[in-house]
Trainee: 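Dropping the structure in here first, questions after.
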Amino acid sequence: MKKISNMVLKAELALTGAMLILIFVLVLTSAVARTIGMPINWAQDISLLLFGWLTFIGADVVIKNNGLIRIDMLVTHFPEAMQKLFTVIFDLMMMLFLLVLAVYGFILVSQSWSRTFNTLQLSYAWCTLAVPVGSLLMMFSIAEKSAADCRSLLNK
């Protein structure tokens, strides 16, 4: 399972890096083109699509790299075993939130198939699909970390 997770992480890093560079190039090119009177209208829509996916896939990368911000002023005063228990509880709460986000995200996707981008003949559902897909990716990442925390908690 760890091997698959590492492969997914490498793919996500490559994808998010490529999307970030592409967004930068599209926005810069669009701004320069608009300044000289030759706007590239579709660049904004492509950037919007990429930004939605970058946000959710990037969030999964942050979770896999233990980069989530945690407010631990109170938790650090407890013993290590209790801290891990709190971490598992907080992770379960995040997974519940992500499950709700995924369910409602799929509902949003189903409702947005007929809507298209302003300048593209592409369904807006491709943008909203980032919400449930990213939420599921994050749920799996958090579940993997929680399982490791539970194992270490039980081994002590």
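Nothing fancy with the numbering, it's 1 onward along the sequence.
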Trainee: Is the number of heavy atoms from other residues, nucleotides or ligands under 6.0 Å of I4 CD1 greater than 12?
Mentor: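 Incorrect, the count does not exceed 12.
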
Trainee: Over 60° means perpendicular and under 30° means parallel, so tell me whether F117 and Y124 are parallel, tilted or perpendicular.
Mentor: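 Tilted: the ring planes of F117 and Y124 meet at 30° to 60°.
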
Trainee: Answer yes or no: are there more than 12 heavy-atom neighbours, outside Q44 itself, under 6.0 Å from its atom CD?
Mentor: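 Not more than 12 within 6.0 Å, no.
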
Trainee: OG of S47 to CD1 of I23: how many Å apart, nearest 0.5 Å?
Mentor: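 Spacing of OG (S47) from CD1 (I23) equals 6.0 Å.
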
Trainee: Do V100 and Y104 touch side chain to side chain, with heavy atoms closer than 4.5 Å?
Mentor: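 Counting from C-beta outward, V100 and Y104 do come under 4.5 Å.
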
Trainee: Excluding sequence neighbours, so at least two apart, what forms salt bridge (charged side-chain N to carboxylate O under 4.0 Å, His left out) with D91?
Mentor: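 For D91, the residues satisfying salt bridge (charged side-chain N to carboxylate O under 4.0 Å, His left out) (neighbours in sequence not counted) are R70.
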
Trainee: Quick one about T128 and S112 (side-chain donor to acceptor, distance below 3.5 Å, no hydrogens or angles considered), yes or no?
Mentor: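 S112 vs T128: donor-acceptor pair found between side chains.
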
Trainee: Side-chain contact, heavy-atom cut-off 4.5 Å: L49 with D45?
Mentor: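 SC-SC contact between L49 and D45 ruled out.
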
Trainee: Sub-3.5 Å donor-acceptor pair from the side chain of N41 to the main-chain atoms of T119, do we have one?
Mentor: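 Here the side-chain-to-backbone pair does not exist.
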
Trainee: Supply the members, apart from V61, of the Ile/Leu/Val/Met/Phe/Trp/Tyr cluster built from side-chain contacts under 4.5 Å; use none for a lone residue.
Mentor: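 L9, L13, all in the cluster of V61.
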
Trainee: Can you find a heavy atom in the side chain of I46 that is under 4.5 Å from one in the side chain of F51?
Mentor: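 When only atoms from C-beta onward are counted, F51 and I46 do not touch, as no gap falls below 4.5 Å.
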
Trainee: Any link between I40 and I21 through a network of hydrophobic side chains (Ile, Leu, Val, Met, Phe, Trp, Tyr) touching at under 4.5 Å?
Mentor: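 The answer is no; the residues belong to distinct hydrophobic clusters.
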
Trainee: Hey, could you give me the OG/CE distance between S135 and M94, rounded to the nearest 0.5 Å?
Mentor: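 Here the interatomic distance stands at 12.0 Å.
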
Trainee: CZ of F140: more than 12 outside heavy atoms within 6.0 angstrom?
Mentor: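 No, because the 6.0 Å sphere around CZ of F140 holds 12 heavy atoms or fewer from other groups.
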
Trainee: Is there a continuous path of hydrophobic side-chain contacts, each under 4.5 Å between heavy atoms, that joins L120 to W53?
Mentor: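 Cluster IDs for L120 and W53 match.
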
Trainee: Can you name the closest pair of heavy atoms from W126 and W113 and give their distance?
Mentor: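 Of all heavy-atom pairs spanning W126 and W113, the closest is NE1-CZ3, 3.9 Å.
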
Trainee: Using atom types as modelled and distance alone, determine if a side-chain donor or acceptor of T16 lies under 3.5 Å from a backbone N or O of L54.
Mentor: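 Judged by distance alone, no pair lies under 3.5 Å.
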
Trainee: Any chance you could measure K145, atom NZ, to I63, atom CD1, to the nearest 0.5 Å?
Mentor: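 With rounding to 0.5 Å, NZ (K145) is 9.0 Å from CD1 (I63).
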
Trainee: To the nearest 0.5 Å, what is the distance between CE (M93) and CD1 (I142)?
Mentor: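 Result: 12.0 Å between the selected atoms.
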
Trainee: Let me check something: do L99 and L129 share a hydrophobic cluster, defined by ILVMFWY side-chain heavy atoms less than 4.5 Å apart, either directly or through other members?
Mentor: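 Linked within one cluster.
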
Trainee: What's the shortest heavy-atom distance between F56 and G134, and which atoms?
Mentor: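 Scanning both residues completely, I find the closest heavy atoms to be CB-CA, 3.8 Å.
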
Trainee: Between the side chain of S110 and the main-chain N/O of I107, is any donor-acceptor distance below 3.5 Å?
Mentor: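 A pair under 3.5 Å: yes.
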
Trainee: Taking the side chain as everything from C-beta on, heavy atoms only, tell me whether K64 gets closer than 4.5 Å to E12.
Mentor: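 SC-SC contact between K64 and E12 confirmed.
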
Trainee: For residues L98 and M138, report the shortest heavy-atom separation together with the two atoms involved.
Mentor: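 Smallest heavy-atom distance, with atoms named: CD1-CB, 3.6 Å.
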
Trainee: Does atom CZ of F106 have more than 12 heavy-atom neighbours, drawn from other residues, nucleotides or ligands, at distances under 6.0 Å?
Mentor: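 More than 12 within 6.0 Å, yes.
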
Trainee: Quick one: closest heavy-atom pair of I57 and M19, and the distance?
Mentor: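 Scanning both residues completely, I find the closest heavy atoms to be CD1-CE, 4.2 Å.
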
Trainee: Specify the closest pair of heavy atoms between C127 and L48, including all atoms of both residues, with the distance to one decimal.
Mentor: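 So the two residues come closest at SG-O, 4.0 Å.
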
Trainee: Between P132 and V109, is any pair of side-chain heavy atoms under 4.5 Å apart?
Mentor: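 Yes, their side chains come closer than 4.5 Å.
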
Trainee: Hydrophobic cluster membership, with links at side-chain heavy-atom distances under 4.5 Å among I/L/V/M/F/W/Y: are M95 and L136 in one?
Mentor: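 In one cluster with M95: L136, yes.
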
Trainee: Which heavy-atom pair separates L137 from D60 by the least distance, and what is that distance?
Mentor: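 Looking at all heavy atoms of both residues, the closest pair is O-OD1, 3.1 Å.
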
Trainee: For residues S5 and E144, is any side-chain donor paired with an opposing acceptor at under 3.5 Å?
Mentor: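 Looking only at side-chain atoms, E144 and S5 do form a donor-acceptor pair, the distance falling under 3.5 Å.
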
Trainee: State plainly whether one hydrophobic cluster holds both V62 and V133, where clusters connect Ile, Leu, Val, Met, Phe, Trp and Tyr through side-chain heavy atoms under 4.5 angstrom apart.
Mentor: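 Linked, V62 and V133 end up in one cluster.
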
Trainee: Mind checking the CZ-OG spacing from F90 to S146? Nearest 0.5 Å is all I need.
Mentor: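 Nearest 0.5 Å value for the CZ-OG distance: 12.0 Å.
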
Trainee: Would a 4.5 Å heavy-atom cut-off, applied to side chains only, mark L50 and L20 as touching?
Mentor: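 In short, these two side chains do not touch, never coming nearer than 4.5 Å.
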
